[in-house]
There are 4 protein chains.
Amino acid sequence: MNRSSTPPAPRVVPLTPRGQRTRGKLLRAAETLFGEKGYEHASIADITREAEVALGTFYVYFPDKQSIFVEVVDDLGARLRRLIAEAVAGCEDRMAVEREGLRTFFQFASQQRHLYRIVRQAEFVDEACYRRYYDRFARGYVSGLKRAMDAGEVNRLDPEALAYCLMGMGDFLGMRWVLWESDAGLEHVLDTAMAFIRHGLDARPAEAPTGNKKKGSRTPRGSRSKT
Amino acid sequence: MNRSSTPPAPRVVPLTPRGQRTRGKLLRAAETLFGEKGYEHASIADITREAEVALGTFYVYFPDKQSIFVEVVDDLGARLRRLIAEAVAGCEDRMAVEREGLRTFFQFASQQRHLYRIVRQAEFVDEACYRRYYDRFARGYVSGLKRAMDAGEVNRLDPEALAYCLMGMGDFLGMRWVLWESDAGLEHVLDTAMAFIRHGLDARPAEAPTGNKKKGSRTPRGSRSKT
Amino acid sequence: MNRSSTPPAPRVVPLTPRGQRTRGKLLRAAETLFGEKGYEHASIADITREAEVALGTFYVYFPDKQSIFVEVVDDLGARLRRLIAEAVAGCEDRMAVEREGLRTFFQFASQQRHLYRIVRQAEFVDEACYRRYYDRFARGYVSGLKRAMDAGEVNRLDPEALAYCLMGMGDFLGMRWVLWESDAGLEHVLDTAMAFIRHGLDARPAEAPTGNKKKGSRTPRGSRSKT
Amino acid sequence: MNRSSTPPAPRVVPLTPRGQRTRGKLLRAAETLFGEKGYEHASIADITREAEVALGTFYVYFPDKQSIFVEVVDDLGARLRRLIAEAVAGCEDRMAVEREGLRTFFQFASQQRHLYRIVRQAEFVDEACYRRYYDRFARGYVSGLKRAMDAGEVNRLDPEALAYCLMGMGDFLGMRWVLWESDAGLEHVLDTAMAFIRHGLDARPAEAPTGNKKKGSRTPRGSRSKT
DNA sequence: AATGAATGAGACTTCATTCAT
DNA sequence: CATGAATGAAGTCTCATTCAT
């Protein structure tokens, strides 16, 4: 189980337009079914039935079940990243980027409610594909954060760690308020998240419990170097 | 065909000490195997082999595979929560609680490397159990955060949203630096996380790009009310 | 499957009254469960659960599942035969015996709705027991019919063949109007059956279609139109 | 766990001639094995072995064991009804129909010695199928009897009740003299049955116990003595 | 390019029976 | 007498994959 390898996949690129169409139908059907029933419980027969092609046709386009799954996950990630990139294109500062990114992610998850089920399954089907999914998002965060740090716009901290912090937040908030609670109170949660991203818990240093709550006393900006 | 009356109803609590021991062996074996191979690929036969009992013995104690899985997940969550509770018992302020909590979680995940695989599978095996797992952690966060807010120790924001932010961060950092990278650079990541939790990205308001980086200008403490 | 032997069964006769009670509970539970779920689907565990004794206790009183089943069937037959014998004891002629016998059988089948299920299963569990069940009834019919024939009360025909005719009729009528239709219209069916038993279809000989009804003496055609 | 959509839906009607052949082989094998070992003891593996196909092939054509059983029973009933219909086609009167029908049934039961085992099992496998089996025969009886009654050929009684009387007789006689005793004395039994059908027990009314047992009154006793 | 019949390993689950206590 | 834990063979059903057409 769980072959962690993923060699670039000798994708059978069909030549005829008819083949292209069939292949596309299979991919769409697979996405639907992996989302509905999970990888293990979605059978090839389910997929071909949904795609309205014969069982054997599957193996004309994909060498095995794992391959189509990996392609579905990769596609899903690519689509989401493209959407986010477009959404944040016009943002003026990092906070706006964060907010738009989050909002776009929530929207996507809300429309493609199977997103979570599919991505999470990847961990058990093809670990490389799973890591790749998050790595690619992280890369986007890292470059964006670095730019913002260089611009003195945000605190200078390890950008990759921050990337995983931000992804984790988004992931869990989406799980809780999009997937589980179907968007109720989502805007308020977004505000909370933005406040948190902007200032964290804004806690006073524990080592100075003298009560002097004056803002001035707060950790001086410069101290954050370290990274 | 005619199935009207009582379901088999396996012994949930064994009556004899011998039974208790066997049941425990099965639970431990199941945890190991669900962690190693995942729910779908760990067979009952695998579990009984690992537990060194006969195949049929499984069904003396559990009605089916799902049941033992749910019990494993609930146990795992309970153990982790107890560990964390003990670890943060002596902490003086919220930041210390966060740091100790995170550290304890990373430690646990590092020792029980199957933690992630098991909990993530829960989503596909028994969704209620999966939600329960996070809900219980969230509840702990919420009560702790409320207390800290009341003490004026941290920013007042929606505590449940914060709970999911903090859990998501911990979860993703652990996945990246404990699970994937085996603890390398973990301390540094912990520091970053703590800095983020304390001050977020510490971003200047976008609407005041005047460049005056003096601390004083930062969002005044009181403003955070909102929630 | 279906061992057709049935050596007199070395019935374990328990000595203590307590044992008697336990054995009786098991027999009653077995009858209930064989009736409800059928022989194959009623497990020993079901039976002991119903009897409120431990699983192992079963094997104190019965060597195996088949044995208790055979005893249940034999008991059931004996009870029914005793009831019928009592019911027809006061009957003055054979027709009255037939009517009372049928009525008693229908009553019993209506109260012990599992009767059919149990007896029919016997064919597949222990054929000897199955045949014995009908043979014993047949013996009663045969001796009664012979007596009636000797008394010139009924037509002289092969009594064993008649016995199976009469049993078959009773069995099928009971199946149709007691088991399937729960006693609705049962009295009317009983009347029809009695008319059939008394005169059959009352058909004219085919070989004399000349219309000359000289036997005319016989029960006039129109007279019994009840239906 | 997540089982929401389409059930597998096996090919009920195979699309290719090859499939037709395989399906037929399975049906024939199933009939043989259900007859030999009974429903519960005939395994799918037994059936596919007999049919000389792989185990999995079974599930290409039937969703489960019960389905093929029901089809076997329905087929068996249809074949028998067709045979009887053909056999009685040329009969001139109702008595001839009864005799030919019985004879044909005995012949069929003698050749297909598994008939009883299969039909009786149906009660436990699929009750609807069991009832259907007898209902369809009953329907034939009913329409035939009605016609004969209208023609003044036989006594007018409730035809459905008569149908079950006649079926029960045939069934039990066949069980006793075809199944258990393998046709010995069958002709004689047929004669007895016909005499019974024609005149029943030919009993004098009980309400006329005047003691005058002289034949003189009703149908002359001696006339039909054959036994 | 497309089809669908065929395969068989392997999964989960049941249950009559044994046995130590 | 009574208990209940333990056993393992056997059964039903699933499904990824192959292959002849």
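Source: prediction; values computed, not measured. So you know, we letter chains A, B, ... as the sequences are listed, proteins then strands, and number each from 1.
In this structure, Lys25(B) places its NZ atom 8 Å from P of dA6(F), rounding to the nearest Å. Taking atom CZ on Arg18(B) and atom P on dT3(F), their separation rounds to 17 Å, with Å as the unit. Rounding to whole angstrom units, CG of residue Leu26(D) and C1' of dT7(E) are separated by 13 Å. Atom CD of Glu52(B) and atom C1' of dA5(F) are 17 Å apart (whole Å). For the pair Phe62(D) CZ and dA5(E) P, the computed distance is 13 Å after rounding to whole Å. In this structure, Arg49(C) places its CZ atom 19 Å from P of dA2(F), rounding to the nearest Å.
Residues satisfying the side-chain contact (heavy atoms from CB on, under 4.5 Å) criterion with Thr57(A), sequence neighbours excluded, are Thr22(A), Val53(A), Ala54(A), Tyr61(A). Taking Asp74(B) as the reference, Arg132(B) meet the salt bridge (Lys or Arg N to Asp or Glu O under 4.0 Å) condition, with sequence neighbours excluded. The salt bridge (Lys or Arg N to Asp or Glu O under 4.0 Å) search around Arg120(B) returns Glu123(A), Asp171(B), not counting sequence neighbours.
Comparing Thr22(C) and Ala54(B) by the nucleotide of DNA chain F whose heavy atom lies nearest to each, the residue mapping closer to the 5' end is Thr22(C). Comparing Phe58(D) and Gly56(A) by the nucleotide of DNA chain E whose heavy atom lies nearest to each, the residue mapping closer to the 5' end is Gly56(A).
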ask   = How does DNA chain F look in dot-bracket form if you count Watson-Crick and G-U pairs under 3.5 Å, write [ ] for pairs that cross, and put | where a base pairs with another strand?
value = .||||||||||||||||||||

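Taking only side-chain nitrogens and oxygens, Thr57(D) comes nearer than 4.0 Å to OP1 or OP2 of dT7(E).
The ring of Phe69(B) has its center closer than 6.0 angstrom to the ring center of Phe34(B).
With contacts defined as side-chain heavy-atom distances shorter than 4.5 Å, the pair Arg28(A)/Lys25(A) qualifies.
Side-chain proximity of Tyr61(A) to dA1(E), dC1(F), dA5(E): nearest is dA1(E).
With rounding to the nearest 0.5 angstrom, the CD atom of Glu36(D) is 10.0 Å from the CD1 atom of Ile118(D).
Here salt bridge (charged side-chain N to carboxylate O under 4.0 Å, His left out) pairs that include residues 49-59 of chain D, with residues two or more places apart or in two chains, are Asp46(D)-Arg49(D).
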task = Let me see the working for Ser67(C) and Val70(C) under side chain to side chain contact (heavy atoms under 4.5 Å, CB included), right down to the final yes or no.
result = CA-CA 5 Å; Ser67(C) 300; Val70(C) 168; 5.9 Å; no

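Using a 4.0 Å cut-off between charged side-chain N and carboxylate O, Glu71(B) and Arg23(B) make a salt bridge.
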Protein-nucleotides 10-12 of chain E N/O pairs under 3.5 Å:
| unit_1 | atom_1 | unit_2 | atom_2 | d |
| --- | --- | --- | --- | --- |
| dC12(E) | OP1 | Lys65(B) | NZ | 2.8 |
| dC12(E) | OP2 | Ile44(B) | N | 3.0 |

